[in-house]
Amino acid sequence: MKVLVTGGAGYIGSVSVDALIAAGHEVVVFDNLYMGHRAAVNPKAAFVEGDLADKAKVSATFAEHKPQAIMHFASYSLVGESMENPLKYLGDNVTNALNLLNAAVEFGVERFILSSTANLFDEPETLPISETERIVPGSPYGESKAIIERYLFWLQKTKGLRYAALRYFNAAGCTDIKGEDHQPESHLIPLVIQVALGQREKIMIFGDDYDTPDGTCVRDYIHVSDLASAHILAMEALSDNESLHYNLGNGSGFSVKEAIETVREVSGHPIPAEITPRRAGDPASLVGDSSKIRSELGWAPQFADLKSIVESAWKWHVKHPKGYED
Ligand code: UDP
């Protein structure tokens, strides 16, 4: 298929582009390079440097490339930042996405795959979290994804745009050629790796007074290439389905302390840590039940344990201590 990938120069987008190309699809990357990296774009993909706020550029890209499917990764994605600056998330993730949705409808695109999030579930009633859990977003970031999911629901009903909403738990890990390089970095595993590489003195643990076994937040880490394979399976499955909703996680939770300990094990570095107050918007525990996509689409994550995920990240960061600058 011909697939337009917004955010295809970013962390999860660039790995998904590689997977699409390896599976024989034709790819157009649309990215403003604010957070993405030109070097992360697969050379076999067409590249459009553009912003979703630019309605004319979005339309021109659809007119020129005529995509049959859209994978929409481009968005802000930080829970803590969205609690400080909620309108940034309404403006980018919702208002700018409107230009993309308009073009999708105008140009008769058949399939839309949305990067959604486990932050749809602030205080889940049942852990691990299944697709039947009620949606109560934990932050303006989660809310922005909930809004797009709902609009996709209505666009499917009214305009026939088929869609898949993929709710990621915590994306982590690297491939041999693609890694995680956010400026500034705010995610736990790459920050801990920066300590191990001597680029940062210590890691701050945001709160140890949560209702969890060791008091620190529990998360479900899922490898970026397993997320990419889920996108391709979901895109293919839209041939026979009008809409799909899947939670993408490994089904096991690791506390912040356990994640730090895993990086200690993999890197051999002592990694000093300090407890600081909670970060606003962080739910205590998020663990995903992904049995639905496993049974319906045969998705089988290749990196089922945190250690192998951290090892893949450690390998890439040792090779690229300055990220894509190296
Ligand atoms: N975290 C932390 N220190 C950091 C960064 C993150 O304690 O420097 C915690 C954060 O509070 C959350 C977990 O690590 O409980 C994972 O955070 P991350 O930002 O990696 O992903 P999120 O869960 O927000 O998607």
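First listed ligand is number 1; within each ligand, the first listed atom is number 1.
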Check: When you measure from atom 17 (O) of ligand 1 to each heavy atom in Glu185, Lys202, His187, Arg279, which option holds the nearest one?
Finding: Arg279

Check: Closest non-hydrogen protein atom to atom 13 (C) of ligand 1, residue and atom name please, with distance?
Finding: Val256 CG2, 4.0 Å

Check: So which heavy atom in the protein is nearest atom 20 (O) of ligand 1, and how far is it from that ligand atom?
Finding: Leu188 N, 2.8 Å

Next item on the list: With heavy atoms only and a cut-off of under 4.0 Å, state how Leu78 meets ligand 1: side chain, backbone, both or neither.
Entry: neither

Next item on the list: Provide, to 0.1 Å, the distance between atom 15 (O) of ligand 1 and the closest protein heavy atom, together with that atom's residue and name.
Entry: Cys217 CB, 3.0 Å

Notebook entry, point to check: At under 4.0 Å between heavy atoms, which part of Ile203 makes contact with ligand 1: side chain, backbone, both or neither?
Noted result: side chain

Checklist line | Side-chain H-bond candidate by donor/acceptor type, Tyr246 with Ser290, under 3.5 Å | finding: no

Next item on the list: Return yes or no for this condition: an N or O of Val79 is under 3.5 Å from an N or O of ligand 1.
Entry: no

Check: Roughly how far apart are Asp208 CG and Thr276 OG1, rounded to 0.5 Å?
Finding: 9.0 Å

Margin query: Does Lys88 have more than 12 heavy atoms from other residues, nucleotides or ligands lying within 6.0 Å of its NZ?
Written below: yes

Next item on the list: Please indicate whether Tyr151 has more than 12 foreign heavy atoms, meaning atoms of other residues, nucleotides or ligands, lying under 6.0 Å from its OH.
Entry: no

Next item on the list: Quick one: look at Ala118 and ligand 1, take heavy-atom pairs under 4.0 Å, and tell me if it's side chain, backbone, both or neither.
Entry: neither

Checklist line | Atom NZ of Lys292: over 12 foreign heavy atoms under 6.0 Å | finding: yes

Notebook entry, point to check: Crowded around Lys2 NZ? As in, over 12 foreign heavy atoms under 6.0 Å?
Noted result: yes

Notebook entry, point to check: Considering only the protein, which heavy-atom contact is closest to atom 8 (O) of ligand 1, and what is its distance?
Noted result: Leu191 CD1, 3.3 Å

Notebook entry, point to check: Near Ile205, which atoms of ligand 1 are under 4.0 Å from a heavy atom of that residue?
Noted result: 7 (O)

Notebook entry, point to check: How many angstroms lie between atom CG of Leu52 and atom CG of Asp92, to the nearest 0.5 angstrom?
Noted result: 7.5 Å

Next item on the list: Please determine if Arg219 has a nitrogen or oxygen closer than 3.5 Å to a nitrogen or oxygen of ligand 1.
Entry: yes

Next item on the list: Show your reasoning for whether side-chain contact (heavy atoms from CB on, under 4.5 Å) applies to Ser77 and Lys145.
Entry: CA-CA 10 Å; Ser77 60; Lys145 295 292 184 178; over 6 Å; no

Check: Taking both backbone and side-chain atoms of Met204, is any N or O found less than 3.5 Å from an N or O belonging to ligand 1?
Finding: yes

Checklist line | Closest approach of any protein heavy atom to atom 11 (O) of ligand 1, naming residue and atom | finding: Asp282 OD2, 2.6 Å

Item checked: Top protein contact for atom 25 (O) of ligand 1, by heavy-atom distance -> Asn170 ND2, 3.5 Å

Check: Just how far is it from atom CZ of Phe254 to atom CG of Asn170, taken to the nearest 0.5 Å?
Finding: 12.0 Å

Margin query: For a salt bridge (charged side-chain N to carboxylate O under 4.0 Å, His left out) check, start with the C-alpha distance between Lys322 and Asp181, then their side-chain angles and the critical distance, and finish with the verdict.
Written below: CA-CA 8 Å; Lys322 292 188 190 147; Asp181 178 3; over 6 Å; no

Checklist line | Test of proximity, Phe206 against ligand 1: N or O pairs below 3.5 Å | finding: yes

Margin query: Show the atoms of ligand 1 that are less than 4.0 angstrom away from any heavy atom in Ser186.
Written below: 5 (C), 19 (O)

